[in-house]
Amino acid sequence: PKIERASTDRLIVPGIVATEPISKGEVLVRCPPELFISSEAVRQMAPAYAILAAEAANELTFDRGNVDWALQATFLASMMAAAEDARIKGPSIPEAKREVWEAFLQ
């Protein structure tokens with residue numbers, strides 16, 4: 001493959017980097033929509049996070065897009081914390097999706 005999980009000298013944070021030149025418009029990865037971590041998916045799978053986001057939207061004065069971003073970020077952060085420390089309970093989500101998402105976190 002033309003990409004691999006790694007980090008660059010500039011960014012110590014692991015991610016996906018190109019290992020070969022990439023042509024304009026070339027598809028490198030496809031992700032089934034049911035695995036997207038959208039704000040709507042988080043609301044369906046982890047309603048407690050949706051409640052917190054709705055409460056924040058009522059109390060704070062920033063636009064809805066920021067609440068959706070915060071919802072996704074909080075969800076991902078809790079999944080990452082649970083993947084790193086078994087004592088931390090992450091969001092309750094379907095096991096099949098949890099396995100796929102956690103594979104990306106390792």
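FYI, the numbering just counts along the sequence from 1. The figures that follow rest on heavy atoms only: side chains count, while hydrogens, waters and symmetry mates do not.
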Which heavy atom of A6 sits nearest a heavy atom of V17, and at what distance?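 So the minimum-distance heavy-atom pair works out to CB-CG2, 3.7 Å.
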Nearest heavy-atom pair of I3 and T19: which atoms, and what distance?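 Looking at all heavy atoms of both residues, the shortest contact is N-OG1, 3.8 Å.
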Residues forming a side-chain contact (heavy atoms from CB on, under 4.5 Å) with P32, sequence neighbours excluded: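 side-chain contact (heavy atoms from CB on, under 4.5 Å) list for P32, sorted by chain: E34, L35.
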Evaluation steps, side-chain contact (heavy atoms from CB on, under 4.5 Å), between R43 and D68: CA-CA 10 Å; R43 284 185 182 87; D68 287 348; 2.5 Å; yes
Within the distance-only criterion (no hydrogens, no angle test), does the side chain of [X] pair as donor or acceptor with the backbone N or O of [Y] below 3.5 angstrom?
| X | Y | value |
| --- | --- | --- |
| K2 | L28 | no |
| S38 | A41 | yes |
| Q72 | I37 | yes |

Quick one: do I22 and V29 end up in the same hydrophobic cluster if we chain Ile, Leu, Val, Met, Phe, Trp and Tyr together by side-chain heavy atoms under 4.5 Å apart?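 Yes, because I22 and V29 connect within a single hydrophobic cluster, where side-chain heavy atoms sit under 4.5 Å apart.
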